[in-house]
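The following block contains the structure, expressed as structure tokens.
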Amino acid sequence: MPIIEVTHLAKRYGEHVAVRDVSFSVAEGEIFGIVGRNGAGKTTTVECVAGLRRPDSGTIVVDGLDPREDRAELTRRLGVQLQSSALPDRITVREAVRMFASFHGHRVSADALIEQVGLGEKRDARYGRLSGGQKQRLSIALALVGAPRVAILDELTTGLDPQARRDTWELIEQIRDQGITVVLVTHFMEEAERLCDRVALIHGGVVAALDTPAGLIRRAGVGERVTFTPSAPVDRDVLSGLDGVREVVVDRRGRVVVTGDVDVTGTVVAELAGAGVRVTDLRVERPTLDAAFLALTGAPAEAA
């Protein structure tokens, strides 16, 4: 049985339809991604799942609970890091975690949790003096302070530098390894592709596609592109006839561009090696979830 099940969720604000018809289920122990461009309905969806907003229609079940009717019990099982949140600048890391822990009856050790999220050396630092990445680590700690079965993390790495973003990714994987189900909301396709077991692409308030990252790439028909310079002229017809090859282009300088299915590079290089042709200046552009999102929805993922 899924730990989260959402069926035909809809939510509007006046004339604006934020979520039109969203359905998905989340398996226990997975990192489930909800991705889409800004304004697609991602945050409204998870706010309904968390019981922070009341949907206009549809059903939601989280660990056997209805967020509308079982809100108090749900807060004991669900941790949430919202897209926009802040603390007083003068509160310390330790004070913040202990305060939030008191709401849950001190269900976890504040000091142990601070160490877990990598803020041990910052336990006495004030919130206003933390870096962006450190503030996000603290927000994760506050989401985990009640020892939840499910953690919702909304746009967790927006505004972080590349190193802080990758450090946060490692922390999310550690959370999953502890048995906590993670719902990750993001518009960064690289993040979803790296972390998520399955991904729901939300576009225009509906689920446009749902699959593993690799499955979405396959469904979108996004291919691999390999560019190289051969040591001798190549026969375009021979390359075009290889399994998985869609197109072969040779420019005036003899440089070859082959477009095809995933892993077509190995097929092409093996064929050329068998014919005694070496390749130089090899460049491979592999299909990404970002390209799949564009192909499946017709919209770039990070559009505003």
Side-chain angles (χ1 to χ4, degrees), residues 3-4 24-38 40 42-43 45-46 79-83 116-118 131-141 143-144 150-203 207-225 261-263 265 283-297 299-303:
I3 196 166
I4 298 176
F24 61 85
S25 62
V26 179
E28 186 171 358
E30 74 175 334
I31 300 179
F32 183 86
I34 298 178
V35 306
R37 61 184 292 179
N38 294 332
K42 307 185 303 297
T43 294
T45 295
V46 296
V80 182
Q81 178 270 330
L82 294 175
Q83 181 175 356
Q116 177 188 340
V117 300
S131 68
Q134 290 165 347
K135 288 179 178 178
Q136 290 297 59
R137 285 177 172 269
L138 177 56
S139 70
I140 293 174
L144 299 179
V150 178
I152 294 176
L153 308 177
D154 189 1
E155 299 291 4
L156 191 63
T157 61
T158 299
L160 299 186
D161 62 65
Q163 184 58 55
R165 181 173 296 161
R166 280 161 176 76
D167 290 343
T168 304
W169 291 352
E170 291 179 3
L171 180 55
I172 294 170
E173 290 173 326
Q174 292 170 17
I175 294 169
R176 188 266 311 278
D177 292 344
Q178 294 172 7
I180 298 173
T181 301
V182 177
V183 177
L184 181 67
V185 183
T186 183
H187 63 270
F188 291 125
M189 296 298 110
E190 180 188 2
E191 182 167 282
E193 189 171 354
R194 154 77 184 269
L195 294 175
C196 296
D197 299 296
R198 291 185 304 132
V199 175
L201 302 184
I202 295 185
H203 182 65
V207 176
L210 195 161
D211 206 333
T212 64
L216 289 171
I217 291 170
R218 286 194 300 270
R219 288 170 60 180
V222 182
E224 187 170 275
R225 177 186 173 100
D261 297 340
V262 177
D263 296 330
T265 301
R283 185 177 68 185
V284 180
E285 299 173 47
R286 300 193 182 280
T288 64
L289 189 58
D290 193 63
F293 184 93
L294 178 60
L296 291 167
T297 68
E302 297 188 41

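The figures here come from the full heavy-atom set of this structure, side chains too, leaving out hydrogens, waters and symmetry mates. Being a predicted model, the structure only gives us computed values, none of them experimental.
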>> Determine whether a donor-acceptor pair (N or O, by modelled atom type, separation under 3.5 Å) exists between the side chain of Glu30 and the backbone of Ala27.
In response: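 Present.
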> Going by atom types alone, do Thr168 and Gln136 pair a side-chain donor with an acceptor below 3.5 Å?
Replying inline: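 The criterion, which ignores hydrogens and geometry beyond distance, is not satisfied for Gln136 and Thr168.
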> Is it true that Arg194 and Glu170 make a salt bridge, defined as a side-chain N closer than 4.0 Å to a carboxylate O?
Replying inline: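 The answer is no: the pair does not qualify as a salt bridge.
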> For the atom pair CG (Asp177) and CD1 (Ile31), what is the distance rounded to the nearest 0.5 Å?
Replying inline: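 Atom-to-atom, Asp177:CG and Ile31:CD1 are 8.0 Å apart.
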>> Using the rule given for side-chain contact (heavy atoms from CB on, under 4.5 Å), can you reason through Leu195 versus Glu173, listing the C-alpha separation, both sets of side-chain angles and the distance that settles it, and then say yes or no?
In response: CA-CA 7 Å; Leu195 294 175; Glu173 290 173 326; 3.6 Å; yes
> For Thr265 and Glu224, which heavy atoms make the closest approach, and how far apart are they?
Replying inline: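 Closest approach of Thr265 to Glu224, heavy atoms only: OG1-OE2, 2.6 Å.
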>> Arg37 vs Thr297, test: side-chain contact (heavy atoms from CB on, under 4.5 Å). Steps then yes/no.
In response: CA-CA 10 Å; Arg37 61 184 292 179; Thr297 68; over 6 Å; no
> Looking at Pro213 and Leu289, what are the two nearest heavy atoms and their distance?
Replying inline: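 Heavy atoms only, the tightest pair is O-CD1, 4.1 Å.
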>> Quick one: does any side-chain atom of Ser131 pair with a main-chain N or O of Gln134 as donor and acceptor, under 3.5 Å?
In response: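 Side chain of Ser131 to backbone of Gln134, a donor-acceptor pair under 3.5 Å: yes, one is there.
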> Do side-chain atoms of Arg225 reach the backbone of Glu285 as a donor and acceptor pair under 3.5 angstrom?
Replying inline: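 Between the backbone of Glu285 and the side chain of Arg225 there is no qualifying donor-acceptor contact (under 3.5 Å).
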> Are the side chains of Phe293 and His187 in touch, meaning some heavy atoms are under 4.5 Å apart?
Replying inline: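 Result no, sub-4.5 Å side-chain heavy-atom pair not found.
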>> Strictly by side chain to side chain donor-acceptor pair (under 3.5 Å), give each pair with a member in residues 209-219 just once, sequence neighbours left out.
In response: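 Passing the test, one end in residues 209-219: no pairs.
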> Can you name the nearest heavy-atom pair linking Ala151 to Leu144, along with the distance?
Replying inline: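 The pair with the smallest heavy-atom distance is CB-CD2, 4.3 Å.
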> Which value, rounded to the nearest 0.5 Å, describes the distance between Glu155 atom CD and Leu160 atom CG?
Replying inline: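 The distance works out to 11.0 Å.
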> Where do Ala209 and Leu296 come nearest, in terms of heavy atoms and distance?
Replying inline: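 It is CB-CD1, 4.1 Å.
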> Could you give the distance from CG (Leu216) to CZ (Arg198), rounded to the nearest 0.5 Å?
Replying inline: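 It is 10.5 Å, given to the nearest 0.5 Å.
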> Regarding Glu193 and Thr288, is there a side-chain donor-to-acceptor distance under 3.5 Å anywhere?
Replying inline: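 Note: Glu193 and Thr288 side chains miss the donor-acceptor criterion.
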>> Working to the nearest 0.5 angstrom, can you tell me the gap between Ile175 CD1 and Ile180 CD1?
In response: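 Nearest 0.5 Å value for the CD1-CD1 distance: 6.0 Å.
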> So how far is it from Leu210 CG to Ser25 OG, rounded to the nearest 0.5 Å?
Replying inline: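 So the CG of Leu210 and the OG of Ser25 are separated by 7.5 Å.
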>> Would you call the rings of Phe24 and Phe32 parallel, tilted or perpendicular, taking 30° and 60° as the class edges?
In response: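 Parallel.
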> Any sub-3.5 Å donor-acceptor pair from Lys42's side-chain atoms to Gly36's backbone N or O?
Replying inline: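 Yes; judged by distance alone, with no hydrogens or angles, the pair exists.
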> Going through the distances and angles, do Leu156 and Thr186 end up as a side-chain contact (heavy atoms from CB on, under 4.5 Å)?
Replying inline: CA-CA 7 Å; Leu156 191 63; Thr186 183; over 6 Å; no
>> Is there a side-chain contact between Leu138 and Val117 in this structure, where contact means two heavy atoms from C-beta onward sitting under 4.5 Å apart?
In response: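 Sidechains of Val117 and Leu138: no contact.
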> Which heavy atom of Ala295 sits nearest a heavy atom of Ala220, and at what distance?
Replying inline: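 That would be CB-CB, 3.9 Å.
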> Rounded to the nearest 0.5 Å, what separation is found between the CG atom of Leu171 and the CG atom of Leu153?
Replying inline: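 Answer rounded to 0.5 Å: 8.5 Å.
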>> Please find the pair of heavy atoms, one from Ala164 and one from Gly133, that lie closest to each other, and give the distance.
In response: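 The pair with the smallest heavy-atom distance is CB-CA, 4.2 Å.
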